[in-house]
Amino acid sequence: MEEIYIPLNKVNVGQTCIIKELKVTGKQRRRLLDLGFIKDTQVKVIRKSPLGDPTAYLIRKSLVALRKEEASNVLVEIISD
Amino acid sequence: MGLTCKSCKRKAILDIYNIVKANPNQMLVALAGNPNTGKSTIFNELTGLKQHTGNWPGKTVTNARGYFKNKDKEFILVDLPGTYSLFPNSVEEEVARDFICFGNPDVTVIVVDATCLERNLNLVLQILEITDNAILCVNLLDEAKRKKIQVDLDRLSVELGIPVVGTIARDKKGLKNLKDAIYDVCVKKIIPQPKKITYPKEIEDELQKLIPMITPLITNKINPRWIALRMLDGDIKILERISQNSYCKGACNHG
Ligand SMILES: Nc1nc2c(ncn2[C@@H]2O[C@H](COP(=O)(O)OP(=O)(O)OP(=O)(O)O)[C@@H](O)[C@H]2O)c(=O)[nH]1
Ligand SMILES: [Mg+2]
């Protein structure tokens, strides 16, 4: 059965997920990797700014803000609510 | 007054390249690290200057320069803007990257936040790909203690192959050790030997082909392996920067 992953920007506040895949290459991919968005890493969605963008994520013990377009390139699997 | 115009920032970078040592007893030291790890606090403590500090990232936007003495040497200390990576996404990050790559510091002190080492180590490994002459300064040890995080400094030093100093810069703790480590690396009493990252065979094979071609073209200050890696990345900007700044001997583009 094929696994279905969802883009990180669709994950709700409070949920925790595991990074499965980065959909981008080149500079954008490098940027995500530098921020710690690496396959198999756990990410928790902490809060969305009032306008819904950007969103703050807890990753590797630090808080990182990603814009919707950036987060949509990170495919994840939700592991807990 | 902040530097907002891109070309002004660029000028600030060029300015910093032109650091001329007054005499051979002067050593050039760079303070690098992620945003908000206490670089400017350390800078102020060591130099007696008053760089802007505060608890949010991105305060230091250009390079500040100060001086301090230890034993028989004088040190020129350069406070760099915080950066998460040497693959810059802003002009501030570019300033930091360029100084570490091309400013030719005698030693680069990498200041990391003891409460989130894992994240900070990304930059550490990137810097160690460019230069061997680095010291790790694990700052905010008080915060780590408060959060019940223990950092094994000796083990880190063994794993990374470079000197590691623990500090609580805000309380002026550990700074004497830091100064002494800087001294020891500058006078080559300690020679850091960072563990190198080995890439998969297909990449290493390409590197082995490129490095001998690159080496004769550049001045010995820039690490040819690092340039070869950037060529494989297809990072055209960095290659342009290298030739622009005449870090290479003669024309690079007929090779
Ligand atoms: N608790 C604690 N706070 C520290 C320590 N060192 C620095 N700080 C505080 O951390 C904050 C950031 O320090 P800065 O020196 O401005 O950090 P920076 O690395 O220069 O930051 P950028 O220039 O923005 O990258 C300040 O509020 C400092 O007072 C420390 O060892 N312990
Ligand atoms: Mg600063």
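The chains referred to below are lettered A, B, ... by the order of the sequence lines, with proteins before strands, and numbering in each begins at 1. The basis for the numbers below is simple: all heavy atoms, side chains too, and nothing from hydrogens, waters or symmetry mates.
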Nearest-0.5 Å distance that lies between atom CG in B:N34 and atom OG in A:S62: 8.0 Å

Chi angles and distances behind the side-chain contact (heavy atoms from CB on, under 4.5 Å) call for A:R30, B:D233: CA-CA 10 Å; A:R30 182 76 241 180; B:D233 271 350; 5.7 Å; no

Heavy atoms from other residues, nucleotides or ligands near NZ of B:K195 exceed 12 (cutoff 6.0 Å): yes

Heavy-atom neighbours of B:Q150 CD exceed 12 at 6.0 Å: no

CD1 (B:I236) with more than 12 external heavy atoms under 6.0 Å: no

A:R60 side, atom CZ; B:E118 side, atom CD - distance, nearest 0.5 Å: 4.5 Å

Pair A:K61 + B:E143: basic N to acidic O under 4.0 Å: no

Heavy atoms of other groups near A:K20 NZ, more than 12 under 6.0 Å: yes

Spatial distance of atom CG (A:D34) from atom CD (B:Q126) [nearest 0.5 Å]: 5.0 Å

Greater than 12 external heavy atoms within 6.0 Å of A:R29's CZ: yes

A:I59 CD1 to B:C116 SG distance, which is reported to the nearest 0.5 Å: 12.0 Å

CZ on B:F87 to CG on A:L33, rounded to 0.5 Å: 10.0 Å

A:K48 NZ: over 12 foreign heavy atoms closer than 6.0 Å: yes

